[in-house]
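The structure appears below as structure tokens.
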Amino acid sequence: MLVAVLTAMAWTEAYGGYSSAVIWIFVIHSAEREIRECHHYSVDVVVAIYVGIMLWKMTCLFWPMKDQSKDTRLSRLEKIQGRLMRAAKDDNIEEIRLLLKEVEVSNQVRENSSSKAMWLFSGGSIIFTLSMVLLAFTLTSDR
């Protein structure tokens, strides 16, 4: 169910519209079938749906960094648009390359800092989760 919900969330974000509604109908039908055929308890299915939605929303907190870098790059291109057009009209290829390289270099500096923060958070989350699992196994052993 978790995979179905994550797939539906990805489809909804990418395409939306009526096709997204059809995908969610399939997810609800799959949930109903899982409960009816006694493969899972109803609480398992409901928790999987909620966890899938919350996991997707939590992941989306970090993806805007990538979209933000695109927006930053576009705003920088808009700022140099006049100089870029002037260089294009003058057939000055070197100045065009210089301007575009300037935008690219300034964009890479910002991506590196946000990438480090994302790796730090994801590494910390994985270590915390694994330590909690090992702690749970240790404390619940029958010895």
Side-chain angles (χ1 to χ4, degrees), residues 1-37 39-141:
M1 281 312 308
L2 183 64
V3 173
V5 170
L6 290 174
T7 304
M9 291 295 290
W11 186 274
T12 301
E13 186 173 310
Y15 302 108
Y18 292 118
S19 63
S20 175
V22 170
I23 297 294
W24 277 105
I25 289 171
F26 288 155
V27 169
I28 298 301
H29 172 70
S30 176
E32 182 267 332
R33 194 190 74 238
E34 290 287 329
I35 295 168
R36 185 185 67 226
E37 294 176 0
H39 292 296
H40 291 281
Y41 293 116
S42 59
V43 70
D44 293 342
V45 173
V46 171
V47 166
I49 291 171
Y50 278 115
V51 167
I53 293 171
M54 295 302 167
L55 183 64
W56 186 265
K57 293 296 183 184
M58 186 173 173
T59 305
C60 288
L61 290 175
F62 299 107
W63 286 115
M65 289 183 197
K66 188 174 183 179
D67 295 336
Q68 185 180 15
S69 68
K70 288 179 184 178
D71 292 340
T72 304
R73 185 175 179 196
L74 284 175
S75 68
R76 290 181 192 273
L77 281 173
E78 286 176 359
K79 288 179 183 176
I80 65 166
Q81 182 179 6
R83 291 188 291 167
L84 200 57
M85 292 296 285
R86 192 175 321 114
K89 286 180 183 177
D90 294 341
D91 291 331
N92 192 348
I93 299 298
E94 288 302 317
E95 187 175 350
I96 293 172
R97 285 185 184 150
L98 182 68
L99 289 170
L100 292 177
K101 190 171 187 172
E102 187 180 302
V103 170
E104 195 66 35
V105 168
S106 67
N107 193 32
Q108 286 177 353
V109 170
R110 288 183 183 237
E111 280 184 8
N112 287 339
S113 63
S114 64
S115 177
K116 288 178 185 177
M118 213 156 68
W119 277 106
L120 182 67
F121 178 77
S122 62
S125 299
I126 290 170
I127 290 171
F128 175 76
T129 303
L130 290 177
S131 64
M132 288 296 117
V133 168
L134 290 175
L135 186 65
F137 282 150
T138 305
L139 295 177
T140 58
S141 67

Per-pair distances, 0.1 Å, donor-acceptor, side chain in residues 77-91, under 3.5 Å, sequence neighbours excluded:
none

Give every donor-acceptor pair under 3.5 Å between a side-chain atom in residues 46-53 and any protein atom, sequence neighbours left out.
none

Can you list everything that forms a side chain to side chain contact (heavy atoms under 4.5 Å, CB included) with Arg97? Sequence neighbours excluded, please.
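Once residues adjacent in sequence are excluded, the partners of Arg97 under the side chain to side chain contact (heavy atoms under 4.5 Å, CB included) criterion are Ile93, Glu94.
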Quick one: side chain to side chain contact (heavy atoms under 4.5 Å, CB included) partners of Leu135, sequence neighbours excluded?
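Leu135 satisfies side chain to side chain contact (heavy atoms under 4.5 Å, CB included) with Met132, Leu139 only.
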The criterion is side chain to side chain donor-acceptor pair (under 3.5 Å); which residues satisfy it with [X], sequence neighbours excluded?
X: Asp44; answer: none
X: His39; answer: Glu37
X: Ser125; answer: none

Shortest non-hydrogen contact from [X] toward [Y]:
X: Val27; Y: Met1; value: O-CE, 3.7 Å
X: Gly16; Y: Ser19; value: O-OG, 3.2 Å
X: Ser20; Y: Thr12; value: OG-OG1, 2.8 Å

Give the C-alpha distance, both sets of side-chain angles, the deciding distance and a yes or no for side chain to side chain contact (heavy atoms under 4.5 Å, CB included) between Met9 and Lys57.
CA-CA 9 Å; Met9 291 295 290; Lys57 293 296 183 184; 4.1 Å; yes
Short side-chain to backbone donor-acceptor contact, Ser30 and Phe26, under 3.5 Å:
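Here the side-chain-to-backbone pair does not exist.
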Could you tell me the separation between the CZ atom of Arg76 and the CG atom of Leu99, rounded to the nearest 0.5 Å?
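Answer for the CZ-CG pair, Arg76 versus Leu99, is 13.0 Å.
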What pairs with Trp56 under ring pair (Phe, Tyr, Trp, His ring centres under 6.0 Å), at least two apart in sequence or on another chain?
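Trp56 satisfies ring pair (Phe, Tyr, Trp, His ring centres under 6.0 Å) with no other residue.
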Pairs flagged by ring-ring contact (aromatic ring centres under 6.0 Å, His included) wherever residues 1-25 is involved - sequence neighbours left out
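Applying ring-ring contact (aromatic ring centres under 6.0 Å, His included) to every pair that reaches into residues 1-25, excluding sequence neighbours, yields Trp11-Tyr15.
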Residues forming a salt bridge (charged side-chain N to carboxylate O under 4.0 Å, His left out) with Glu32, sequence neighbours excluded
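In terms of salt bridge (charged side-chain N to carboxylate O under 4.0 Å, His left out), with neighbours along the sequence ignored, Glu32 is linked to Arg36.
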